[in-house]
Number of protein chains: 2
Amino acid sequence: MTTIKDVAKKAGVSVATVSRFLNDSGYVSAEAAKAVTAAVEELKYELNPIARSLNTKKSNLIGLILPDITNPFFPELARAVEDVALTYGYTVVLCNSDENPEKEKNYIETLKKKYIAGFIVTSNQLDAPHYANANVPIVALDRAINEKIPTVSSNNKEGAIMGTNALLERGCQHILFLRGPAELNPANDRYEGFMEAIQQSNAKYQVVTCPFHFAESQKIVEQVLKENPKIDGIFASSDVSAAGALKAASLVGTHVPNELQIIGFDGVAMGEMLSPGLTTVAQDVYKMGAIATRVLIKRIENKPIEQNFYEVPVKLIVRGTTRSVRE
Amino acid sequence: MTTIKDVAKKAGVSVATVSRFLNDSGYVSAEAAKAVTAAVEELKYELNPIARSLNTKKSNLIGLILPDITNPFFPELARAVEDVALTYGYTVVLCNSDENPEKEKNYIETLKKKYIAGFIVTSNQLDAPHYANANVPIVALDRAINEKIPTVSSNNKEGAIMGTNALLERGCQHILFLRGPAELNPANDRYEGFMEAIQQSNAKYQVVTCPFHFAESQKIVEQVLKENPKIDGIFASSDVSAAGALKAASLVGTHVPNELQIIGFDGVAMGEMLSPGLTTVAQDVYKMGAIATRVLIKRIENKPIEQNFYEVPVKLIVRGTTRSVRE
DNA sequence: ATATTGTGTGTAACCGGTTACACACCGAGA
DNA sequence: TCTCGGTGTGTAACCGGTTACACACAATAT
């Protein structure tokens with residue numbers, strides 16, 4: 001392995017000069033620069049990032065903390081984060097927190113010892129002290145907000161209004177809203193959006209809380225559908241729940257979309273594969289991840305960031321679980 | 001930040017003794033051990049892994065190289081790897097290679113500079129020089145085998161035989177096999193298994209190559225189904241293709257499972273959400289990831305490994321795309 | 001009594017960089 | 001001519017650990 005000393009020797013200068021040149025810090029004469037460039041080239045010198053980190057107390061590692069990569073929402077996010085990180089020369093460390101504050105804390109401590117550059121966090125615990133006191137750049141994704149921590153999320157409320165109106169426009173008279181867990185900020189925003197839109201109509205509605213879990217959702221919806229056959233529209237707070245609802249409908253024997261229309265929320269790939277294809281309010285997850293990463297890197301590199309709160313627009317994707325709009 | 005020097009001072013010994021005690025290397029007297037333990041405790045000393053790495057040229061980073069975390073097969077794998085890594089004190093770096101040898105090479109070089117401990121790789125390029133010459137522990141997952149590199153994969157051939165027989169036992173007379181890309185080892189093994197099983201029957205069959213991609217598969221199957229309405233069974237080399245086939249059947253108006261039975265391969269969560277639920281030959285992806293990680297860590301820590309090739313059994317999960325077995 | 005081996009410990013070099021500081025040089029302004 | 005600020009450079013300390021080596025001592029073997 002060739003070191004900075006070898007380069008210095010070959011270039012006929014001191015290691016300080018080499019380091020200054022490499023880091024573009026301090027003065028370096030044109031000749032010295034040339035000599036060093038040549039030496040680096042010839043020796044195929046590559047800087048040792050560990051040695052550098054030991055000094056600077058900085059690395060180019062980014063920690064991605066999310067509840068569970070297995071949740072279909074996160075792979076695309078992770079992909080975006082990794083893609084952007086890579087183009088800026090950063091490396092991504094994957095952390096599955098299971099929403100467990102202890103685990104989160106642990107990841108943070110462990111990685112801080114490695115002089116991690118920053119974190120992208122999807123968590124409900126953002127106000128927890130281990131984040132507030134982390135003393136390392138953080139960007140929050142999708143979830144709760146702390147004024148000091150830049151956040152990027154979807155326009156959840158807007159999306160919920162959009163989805164609700166889509167059902168309304170398609171003639172639904174009695175809508176079942178599958179509300180997500182109350183601890184989740186996005187779920188609350190979606191709920192708000194639904195309420196706002198539904199109350200401006202004169203349709204009937206009904207709200208049921210429902211975890212973002214397929215089998216659970218299916219069971220719950222099956223039950224509700226049996227008890228209340230008048231329901232002709234379901235707006236689910238997540239695609240997974242919507243998939244459960246769709247399955248429940250097929251088990252109960254209700255035809256989708258003729259007797260019952262369903263709209264999900266998220267826009268995960270699975271929606272396309274269902275029969276009929278799932279109409280959904282799609283988040284631009286990739287974009288969210290990409291923005292979050294860019295913002296984080298700006299913070300890491302002490303560049304100014306334009307805003308502290310980024311809201312990524314959502315989009316209605318119409319597929320087979322809804323009918324065409326009545327004129 | 002408290003350093004080993006602080007601890008040495010407080011314990012009244014030299015840094016060498018502290019280091020020896022911490023690493024359980026060399027001799028340390030009982031008294032010295034006690035004094036150091038107390039000092040560590042009191043000062044809340046935590047070893048700096050970067051400083052250590054600089055010396056030992058080892059870190060506790062594990063690189064997970066996979067084509068694309070977005071592919072539904074990989075999140076569970078990643079989860080398993082991370083879970084096991086965590087319990088052994090390792091940290092996982094996520095690398096999306098897009099099957100691009102240049103990218104793979106790049107990841108390897110970048111991470112080797114960080115003294116990465118080892119890699120878990122899912123790739124078709126395992127014989128490529130950047131792996132052979134990587135000079136760092138590697139475990140291959142799911143894909144190609146190089147005698148020197150420990151590999152864990154599913155029992156693909158066995159699984160294919162199982163799936164084929166499942167269709168046969170359920171009365172299929174004309175089976176369409178959706179063969180995966182020829183570059184993929186597992187796809188070839190599955191093909192072999194199918195051929196072996198089908199040729200021992202007197203059922204008719206037909207093989208079509210089909211990428212592991214939903215929309216493509218759907219289009220291909222739709223075409224084939226129209227040309228050949230006698231097909232009464234489809235065995236897909238992946239769940240995604242199977243989902244495409246299921247959708248194609250519904251578009252063509254063929255009833256599943258009455259007129260056409262479908263079996264997939266993989267066992268991804270999405271299969272359950274389809275209507276009808278997808279019968280599939282399920283891989284134990286989590287187990288594969290877990291085994292691979294344990295094997296890698298053994299290699300990293302120079303412990304003996306029992307075998308060089310681990311085959312994880314697959315399992316038939318029967319859901320709604322197949323009928324019950326005729327007596 | 002002497003050689004040998006096993007324990008136990010500290011000093012200092014080293015891993016491969018960064019950077020504070022001292023110093024030298026040069027041209028411009030007083 | 002003297003002073004001063006901007007350039008350019010090298011020496012050496014430092015980041016926080018690991019470890020080769022030298023040395024000391026006690027217990028056993030010869």
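Numbers restart at 1 for each chain; the letters A, B, ... are given by sequence-line order, proteins then strands. Note that the structure is a prediction, hence the values are computed from the model and not measured.
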Would you indicate, yes or no, if [N] has its OP1 or OP2 atom less than 4.0 angstrom from a side-chain nitrogen or oxygen of [X]?
X	N	value
A/Lys58	C/dT18	no
A/Thr3	C/dG16	no
B/Tyr27	C/dG8	no
B/Lys57	D/dT18	no
A/Ser29	D/dT9	yes

Exercise. Just by distance, with hydrogens left out, do A/Tyr115 and B/Asn48 show a side-chain donor and acceptor under 3.5 Å apart?
Worked result: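 Yes, B/Asn48 and A/Tyr115 have a side-chain donor paired with an acceptor closer than 3.5 Å.
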
_Checking A/Thr110 against A/Asn106: is there a side-chain donor and acceptor pair closer than 3.5 Å?_
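A/Asn106 vs A/Thr110: no donor-acceptor pair found between side chains.
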
* By nearest nucleotide on DNA chain C, pick out whichever of B/Ala51 and A/Arg52 is the more 5' one. =>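 That would be B/Ala51.
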
Taking [atom1] from [X] and [atom2] from [N], how many angstroms apart are they, rounded to a whole number?
X	N	atom1	atom2	answer
A/Asp24	D/dT7	CG	P	14 Å
A/Lys113	D/dG17	NZ	P	11 Å
A/Glu31	D/dG10	CD	P	11 Å
A/Leu54	D/dT18	CG	C1'	12 Å
B/Ile50	C/dC15	CD1	P	18 Å
B/Asn48	D/dG17	CG	P	5 Å
A/Phe21	C/dG17	CZ	P	15 Å
B/Lys9	D/dG16	NZ	P	13 Å

Quick one: label [X] by what it contacts on the DNA or RNA (base, sugar-phosphate, nothing), any heavy atom closer than 4.0 Å.
X	value
B/Glu46	sugar-phosphate
A/Lys5	nothing
A/Tyr45	sugar-phosphate

Protein heavy-atom contacts under 4.0 Å, written 5' to 3' over nucleotides 19-24 of chain D as B (base), S (sugar-phosphate only) or - (none), form the string B-----

Note to self: Donor-acceptor pair, distance only, cut-off 3.5 Å: does the side chain of A/Ser53 make one with the backbone of A/Lys58?
What the structure shows: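 Present.
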
- Task: Taking the side chain as every heavy atom from C-beta outward, state whether A/Leu66 and A/Phe73 have any atom pair closer than 4.5 Å.
- Result: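 No, too far: nothing below the 4.5 Å cut-off.
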
**Asked** Does the distance from a Lys or Arg side-chain N to an Asp or Glu carboxylate O, for A/Lys44 and A/Asp6, drop under 4.0 Å?
**Response**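 A/Asp6 and A/Lys44: not salt-bridged.
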
Looking at B/Lys9, I want to see if its NZ is surrounded by more than 12 non-hydrogen atoms of other residues, nucleotides or ligands under 6.0 Å.
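Counting neighbours around NZ of B/Lys9, 12 or fewer heavy atoms of other residues, nucleotides or ligands fall under 6.0 Å, so no.
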
**Message:** With a sphere of 6.0 Å drawn around NZ of A/Lys103, does it hold more than 12 non-hydrogen atoms of other residues, nucleotides or ligands?
**Reply:**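 Yes, enclosed.
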
